[in-house]
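Only heavy atoms go into these numbers, but all of them, side chains included; no hydrogens, no water, no symmetry mates. Just so it is clear, the structure is predicted and the values come from calculations on it, not from any experiment.
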Amino acid sequence: MTIDPIRVSEILKSLSETIIMPQYGRLLSTDIEQKTSPTDLVTRVDKEAEAYLVEALKPLIPNAMFVGEEAASEDPSIVAALQSPGVVWVIDPIDGTRNYINKVNEFAVILALVENGVTKMGWIYACPDDACAIAVRDKGATWRGGAIRVAHSGEGPPTGFRSIGWLGDAERKRLTDRLKKNTFTKPGHCSAYAYLKLAFGAVDFKLSSRIHPWDHAAGVLLLEELGGRTAFLSHHENALDGVDIPENGADYHPCNSIDHPLLAVAPGRDWQAISALLGY
């Protein structure tokens, strides 16, 4: 399989310029729908963008499968393709839809290419910045076509983003207490921009709880290629009878959606040390 990552980034740029940005700030209430909750929204533009990418990417790998956020919303079973042999495009047509709706300049297209369960390439196209991060397994990562320079961690407690609302009450309270005591965090509303800020070392970590492959596959590869790490947090008492949960410290791989704590740390940071501050 030979894919030119620059060619793919040009497709993302075209999508942003022709569909996403021209409609930014111009949505009507009828263009917005609620999915699973008042904060889980989809717009007409999300659907148009996903359809655009499917058609644009099909010729590159004719036998590839697609796992798009909006298609998976209609048919969750398609996510199982990530555990099957073959090539899968994983699409988040607009990550940060709430930001897009509310005119907050942090939203992006996230795209990952997964082969036999392993993320081989990832793209985060930051639409308001008209810039793309590209990660290629074992070949590094770039931003705007150049090397990414990672800032060192600052003094004081680790800083980061948190999104822990999908956890059970006990685990959420335990994490909330630890975060307040040992770190400085703020809510995360856009996975793409959180991963970009991690890649640059602007924050030390990102703690997530609803883990969809379209939110994480590309960003995890981006961090890995720069020396960062993303892995699950688990306590044995969290296990439920008959339900498999990841082992503590199990590295992230594209998988079915799961509600479980996932810790991503910036390059140069100590994953184990930050996880210990969170009580794991």
Side-chain angles (χ1 to χ4, degrees), residues 67 69 72 76 79-86 88 90 92 110 112-122 124 135 137-138 141 158 160-176 178-179 182-183 185 188 191-192 194-195 198-199 203-280:
V67 173
E69 177 180 7
V79 182
L82 292 168
Q83 275 77 55
S84 302
V88 183
V90 185
D92 191 338
I110 307 178
L113 183 62
V114 176
E115 184 176 16
N116 298 329
V118 178
T119 308
K120 297 294 188 178
M121 296 183 183
I124 298 177
R137 181 163 295 280
D138 300 326
F161 294 105
R162 68 181 187 277
S163 178
I164 59 174
W166 301 103
L167 302 177
D169 291 344
E171 182 120 12
R172 187 170 64 250
K173 183 181 185 306
R174 173 165 46 194
L175 276 170
T176 298
R178 288 279 185 160
L179 288 166
N182 298 321
T183 72
T185 63
S191 185
Y195 275 114
L198 283 168
V203 295
D204 299 307
F205 72 95
K206 163 181 163 61
L207 180 61
S208 308
S209 60
R210 171 148 287 186
I211 314 305
H212 294 307
W214 43 84
D215 288 328
H216 296 279
V220 169
L221 179 60
L222 178 67
L223 292 187
E224 287 178 352
E225 288 301 309
L226 295 168
R229 185 185 176 200
T230 306
F232 288 100
L233 300 172
S234 291
H235 283 293
H236 289 301
E237 60 264 34
N238 296 145
L240 300 174
D241 290 340
V243 177
D244 291 331
I245 66 169
E247 291 289 330
N248 189 56
D251 290 330
Y252 174 83
H253 299 286
C255 60
N256 288 332
S257 299
I258 182 175
D259 289 347
H260 199 80
L262 181 71
L263 176 65
V265 304
R269 278 60 161 183
D270 186 332
W271 188 94
Q272 196 64 48
I274 293 177
S275 70
L277 290 176
L278 300 181
Y280 292 86

Begin with the C-alpha distance, continue with both residues' side-chain angles, and end with the deciding distance and a verdict on side chain to side chain contact (heavy atoms under 4.5 Å, CB included) for W166 and I211.
CA-CA 10 Å; W166 301 103; I211 314 305; over 6 Å; no
Non-hydrogen atoms of V67 and A81 that approach each other most closely
CG2-CB, 4.3 Å
Point-to-point distance, once rounded to the nearest 0.5 Å, from CG of L277 to CZ of R178:
8.0 Å
Residues S163 and G188: closest non-hydrogen pair is CB-O, 4.4 Å
Do T119 and L113 come within less than 4.5 Å of each other through their side chains, counting heavy atoms only?
no
Given the rule in the side chain to side chain contact (heavy atoms under 4.5 Å, CB included) test, do L278 and L179 qualify, once you have shown the distances and angles that lead to the verdict?
CA-CA 7 Å; L278 300 181; L179 288 166; 3.5 Å; yes
Nearest 0.5 Å, what's the CG-CG distance between L226 and L221?
9.5 Å
Can you confirm whether F232 sits close enough to D251 that some side-chain heavy atom of one is under 4.5 Å from a side-chain heavy atom of the other?
no
Taking the side chain as every heavy atom from C-beta outward, state whether L175 and L167 have any atom pair closer than 4.5 Å.
yes
What distance do F161 atom CZ and T183 atom OG1 have between them, rounded to the nearest 0.5 Å?
12.5 Å
Can you check whether P261 reaches I164 side chain to side chain, under 4.5 Å on heavy atoms?
no
Minimum-distance pair of heavy atoms, taken over all atoms of Q83 and C255:
NE2-CA, 3.1 Å
Does P213 reach the side chain of S257, with side-chain heavy atoms less than 4.5 Å apart?
yes
Quick one: CD1 on I258 to CD1 on I245, what's the gap to the nearest 0.5 Å?
8.0 Å
Here the pair of heavy atoms bringing A218 nearest to I124 is CB-CG1, 4.5 Å
For the student: nearest non-hydrogen atoms of L207 and L233, plus distance:
CD1-CD1, 3.8 Å
Nearest 0.5 Å, what's the CG-NZ distance between L223 and K206?
10.0 Å
What residues, two or more places apart in sequence or in another chain, satisfy ring-ring contact (aromatic ring centres under 6.0 Å, His included) together with H212?
W214
Could you grab the distance from atom CG of L82 to atom CG of N116, nearest 0.5 Å is fine?
11.5 Å
Give me the ring orientation class for Y252 and H216: parallel if the planes are under 30° apart, tilted from 30 to 60°, perpendicular past 60°.
tilted
Within the 4.5 Å heavy-atom criterion, are V118 and R137 side-chain neighbours or not?
yes
Looking at every heavy atom in both G117 and P254, which two are closest together, and how far apart are they?
O-CD, 3.7 Å
When you measure from the side chain of R172 to the backbone of A170, do you find a donor-acceptor pair of N or O atoms at a distance under 3.5 Å?
no
Between the side chains of H260 and S234, does any donor sit under 3.5 Å from an acceptor?
yes
L262 side chain near S209 side chain, heavy-atom distance below 4.5 Å:
no
Is L263 close to T230 at the side-chain level, that is, under 4.5 Å between some pair of heavy atoms?
no
